[in-house]
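Only this structure's heavy atoms are used, side chains among them; waters, hydrogens and symmetry mates stay out. None of the values given here were measured: they were computed from a predicted structure.
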Amino acid sequence: MEIKKSPKANLEDKKFLFTEIGLVVALVAVLCAFEMKSTESKTLDALGEDTAVVVEEEQVPITQEEQLPPPEVPKEPVMSDVIDIVDDDIKVDDDFLISTEDDASLGVEIKDYVVEQEEEEVVEEVVPFAIVEQKPTFQGGDANTFTKWVFSKIIYPEIAKENGVQGRVTLQFTIETDGSVKNVKVLRGVDSSLDKEAIRVVSSSPKWKPGMQRNKPVRVKYTFPVVFQLR
């Protein structure tokens with residue numbers, strides 16, 4: 001059976017009308033949206049104006065400089081026309097004489113001025129042991145004799161023994177013109193206990209026979225090593 005449609009029920013003729021109505025509704029909605037945004041922006045502007053902070057300007061007080069009074073002008077001296085007349089009755093004693101002869105009681109004793117000359121301290125030159133003409137000797141022997149004497153007097157410090165300390169202490173001293181040993185000092189040390197023992201022994205040395213330079217006794221500087229070795 002064939003289905004028949006009524007011409008009134010056919011919507012193909014009204015398609016363009018519905019399309020136009022939809023476009024009109026869309027345009028109206030867009031315009032309404034734009035109007036709402038402008039209203040919100042005006043509201044925000046109005047709120048911003050109401051919440052503005054008013055900053056008060058700080059008023060600086062006006063001060064006026066005090067004017068000092070001008071300095072006083074000194075008054076001019078007033079000259080008086082009155083003249084006081086004073087009697088000239090002062091006597092002056094002018095009958096004194098000045099003697100031009102020498103008076104021994106008024107003289108000044110003149111003494112001869114003698115410049116005291118300070119005695120200049122004579123510093124004898126110290127000659128190194130290596131370049132002295134005649135080297136100093138110890139108990140009739142050479143440096144080996146002094147070395148043997150030193151090692152016979154050395155007492156090894158107990159604290160150095162306990163700590164196992166050993167080494168070479170280099171000393172320097174001066175043999176004076178009378179043969180005595182002076183100015184003993186450490187050039188290169190090992191330990192304080194060993195240094196002190198080496199200085200003690202060398203400082204107690206008997207007198208040497210002094211060194212000679214041009215047939216005159218001279219001070220001789222001598223460098224001497226003291227070896228400490230545990231056995």
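Note on ring orientation: taking the six-membered ring where Trp is involved, the planes of F138 and W208 are tilted (angle from 30° to 60°). Between Y222 and F224, the two ring planes are tilted [angle within 30° to 60°].
Here F151 contributes atom CZ and F146 contributes atom CZ; the two are 10.5 Å apart, rounded to the nearest 0.5 Å. Distance check, rounded to the nearest 0.5 Å: CZ of R219 to CG of D178 gives 10.5 Å. Taking OG of S205 as the reference point, atom CD of Q139 lies at 7.5 Å (rounded to 0.5 Å). Rounding to the nearest 0.5 Å places CD of Q172 at 9.0 Å from CG of N183. Taken from NZ in K148 to NZ in K153, the straight-line distance is 15.5 Å, to the nearest 0.5 Å. In this structure, CH2 on W149 lies 4.0 Å from OG on S204, to the nearest 0.5 angstrom.
Looking only at distances, a side-chain donor or acceptor of S203 sits under 3.5 Å from a matching main-chain atom of I199. With E197 contributing its side chain and I155 its backbone, the two residues share a donor-acceptor pair below 3.5 Å. Of the possible polar contacts, one joining the D195 side chain to the V190 backbone as a donor-acceptor pair under 3.5 Å is found.
In the hydrophobic cluster analysis, where Ile, Leu, Val, Met, Phe, Trp and Tyr join through side-chain heavy atoms closer than 4.5 angstrom, V202 is grouped together with I154. Put simply, V165 and L230 are part of the same group of oily side chains (I, L, V, M, F, W, Y) that touch within less than 4.5 Å, one to the next.
Within 6.0 Å of the CZ atom in R200, the count of heavy atoms belonging to other residues, nucleotides or ligands exceeds 12. The environment of CD1 in I159 is sparse: at most 12 heavy-atom neighbours from other residues, nucleotides or ligands sit within 6.0 Å.
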Query raised in the report: Should R214 and E133 be marked as a side chain to side chain contact (heavy atoms under 4.5 Å, CB included) after you check the CA-CA gap, both sets of side-chain angles, and the distance that decides it?
Result: CA-CA 8 Å; R214 298 176 184 176; E133 292 179 359; 4.0 Å; yes
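For P225 against T223, the heavy-atom pair with the smallest separation is CD-O, 4.2 Å. Between Q166 and F228, the closest heavy-atom pair is CB-O, 3.2 Å. When all heavy atoms are compared, the tightest approach of V220 to G211 is CG2-CA, 4.1 Å. Heavy-atom minimum distance, P157 versus S193: CG-O, 3.7 Å. Counting all heavy atoms, side chain and backbone alike, Q134 lies closest to K209 at NE2-NZ, 4.3 Å. Scanning all heavy atoms of the two residues, the minimum distance from L171 to V186 falls at CD2-CG2, 3.7 Å.
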